[in-house]
There are 2 protein chains.
Amino acid sequence: MDKNKNQSKKLNNRARGSHNLGRLIMQLQQLERHPRTFGEAGALTPSEIHTIDAIGLEHGILMSELADRLGVTKGAITQIVTRKKMKELVKRTPHPTDSRAVLVSLTEKGKDAYRAHETLHQHFYQQLRSQLDPKEIEIFERCIEKLNTFLEK
Amino acid sequence: MDKNKNQSKKLNNRARGSHNLGRLIMQLQQLERHPRTFGEAGALTPSEIHTIDAIGLEHGILMSELADRLGVTKGAITQIVTRKKMKELVKRTPHPTDSRAVLVSLTEKGKDAYRAHETLHQHFYQQLRSQLDPKEIEIFERCIEKLNTFLEK
DNA sequence: GTATTTATGTTTAGTTTCTAAACTATTTGT
DNA sequence: ACAAATAGTTTAGAAACTAAACATAAATAC
């Protein structure tokens, strides 16, 4: 009887944990739903800024690698990267040795946008961290890493 | 010199924290991108199952409340709820005292889908928890709650 | 009581973000 | 040399919204 009550309470707590995580995901998703301006690039849609973020400051990455990083199809990448607005931000270069392949990298303007987004991102993350105490931060970040590792399998 | 190196390392660690959280969000998002079957309801898109989840097992909630819960416009709710497939899962009832308003609730079939989704969700969350030790779980969940509280402001 | 403002929900056209599939070249494997 | 696999492109379509316009009804102001 009492045991059943405790069991039931335990289940309800677990349900709440799952629900809270879902809630956090949803709230974070909604924060980035609208076009925003980063650097001198004009308003960029979420997908555009994610693409710029995934390209990064490297020399150039394959279109297929970019698709992998973003978890979308190659076709989606082609569409994003070749649209008019992105032409100023993303440079496409034939691969040096494989003539099927295309390398993408950021223009100077694209790098500005990347850095501006990074700054905003860090600032926001810092706000999140300021809600937690140092021990909590340490453990939270360790948990995030563990969960990421699990999910990548 | 050395101080600058340490400072730089500290910043890089912080950047990694932000990046890891972003990565987790993205991976979780991708896990639920495709239609899935819950209960006897046939394949439901992410948006449909989220709507069912948000309606819950209550007696009936306002369309506008549902829009609030999901963080979308009223128009979006109307479109989701009135589409043919959802007619079997979601019941719409005039509000008892306010003739402008509509209450939405789940049919029996909708409740089946709700429960099936809940079970799957719990199972998945349990898998996540199994990557962490009890102390980590406790702190992680506390952090999630704190962040949720912050984001709701 | 009456006029004005606000609120509920619906409809419509448009944008964003993909997907699958078909296709063209190119590269790799046998 | 030839078949299979791969890189990327193109196209049509689906999902998931948005804003704005609209029709009623309810609340508020006077």
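To find a chain, count down the sequence lines: A is the first, B the second, and so on, and within it residues start at 1. Keep in mind that this is a model prediction, so the values were computed, not measured. Worth knowing before you read on, the calculation uses all heavy atoms, side chains too, and leaves out hydrogens, waters and symmetry mates.
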Spacing of [X] atom [atom1] relative to [N] atom [atom2], expressed in whole Å:
X	N	atom1	atom2	answer
A:R83	C:dT15	CZ	C1'	10 Å
A:L44	C:dT15	CG	C1'	15 Å
B:L66	C:dT10	CG	P	11 Å
A:Q29	C:dT17	CD	C1'	13 Å
A:L70	C:dT19	CG	C1'	15 Å
A:Q30	D:dA16	CD	P	14 Å
B:M86	D:dA16	CE	C1'	13 Å
A:I61	D:dA7	CD1	P	14 Å

Using side-chain heavy atoms (C-beta onward) and a distance below 4.5 Å, is [X] in contact with [Y]?
X	Y	answer
A:L89	A:L106	no
A:M63	A:T78	yes
A:E152	B:R23	yes
A:T45	A:R83	yes

Looking at residues at least two apart in the chain, or sitting in another chain, which of them share a ring pair (Phe, Tyr, Trp, His ring centres under 6.0 Å) with B:H121?
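By the ring pair (Phe, Tyr, Trp, His ring centres under 6.0 Å) rule, B:H121 matches B:H117.
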Quick one, which residues of residues 47-56 of chain B touch DNA chain C with a heavy atom under 4.0 Å?
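Correct list: empty, so none.
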Counting side-chain heavy atoms from C-beta on, which of D:dA15, C:dG9, D:dG8 comes nearest to B:T45?
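Between D:dA15, C:dG9, D:dG8, the one nearest the side chain of B:T45 would be D:dA15.
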Looking across every strand, which nucleic acid part, if any, lies under 4.0 Å from B:I80 by heavy atom: base, sugar-phosphate, or nothing?
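Since no nucleic acid heavy atom lies under 4.0 Å of B:I80, the category is nothing.
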Give a yes or no answer on whether the side chain of B:Q30 reaches the backbone of A:L70 with a donor-acceptor pair at less than 3.5 Å.
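The answer is yes, because a donor-acceptor pair under 3.5 Å joins these two groups.
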With sequence neighbours excluded, give me every side chain to side chain donor-acceptor pair (under 3.5 Å) pair touching residues 51-67 of chain A.
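Passing the test, one end in residues 51-67 of chain A: A:E58-A:R69, A:E65-A:R69.
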Pairs where residues 103-112 of chain A contributes a residue and the test side chain to side chain donor-acceptor pair (under 3.5 Å) is met, not counting sequence neighbours
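For residues 103-112 of chain A: A:E88-A:K109.
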List every contact pair, protein side and nucleotides 9-12 of chain D side both N or O, where the distance is under 3.5 Å.
unit_1: D:dT9; atom_1: OP1; unit_2: A:R92; atom_2: NH1; d: 3.4
unit_1: D:dT9; atom_1: OP1; unit_2: A:R92; atom_2: NH2; d: 2.3
unit_1: D:dT9; atom_1: OP2; unit_2: A:T78; atom_2: OG1; d: 2.7
unit_1: D:dT11; atom_1: O4; unit_2: A:Q79; atom_2: NE2; d: 3.0

Just by distance, with hydrogens left out, do A:N148 and B:Q27 show a side-chain donor and acceptor under 3.5 Å apart?
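There is such a pair between these side chains.
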Should A:T73 be listed as having a side-chain N or O under 4.0 Å from OP1 or OP2 of C:dT19?
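Yes, within the criterion.
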Does OP1 or OP2 of D:dA15 have a side-chain N or O of B:R33 closer than 4.0 Å?
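It does not, given that no N or O in the side chain of B:R33 lies less than 4.0 Å from OP1 or OP2 of D:dA15.
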Decide, yes or no, whether a salt bridge links B:R16 with A:E145 under the criterion of side-chain N to carboxylate O below 4.0 Å.
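Here B:R16 does not pair with A:E145 in a salt bridge, since their nearest N and O are not under 4.0 Å apart.
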Common cluster, A:F150/B:L132, ILVMFWY with side-chain heavy-atom separation under 4.5 Å:
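As far as the 4.5 Å side-chain criterion goes, B:L132 and A:F150 are connected within one cluster.
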Between B:I139 and B:L24, is there shared hydrophobic-cluster membership here, with clusters defined by ILVMFWY side-chain heavy atoms closer than 4.5 Å?
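B:I139 and B:L24: separate clusters.
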Pairs under 3.5 angstrom, nitrogen or oxygen only, protein versus nucleotides 26-30 of chain C, please.
unit_1: C:dT26; atom_1: O3'; unit_2: A:S99; atom_2: OG; d: 2.9
unit_1: C:dT26; atom_1: O2; unit_2: A:R100; atom_2: NH1; d: 3.4
unit_1: C:dT27; atom_1: OP1; unit_2: A:S99; atom_2: N; d: 2.9
unit_1: C:dT27; atom_1: OP1; unit_2: A:S99; atom_2: OG; d: 3.2

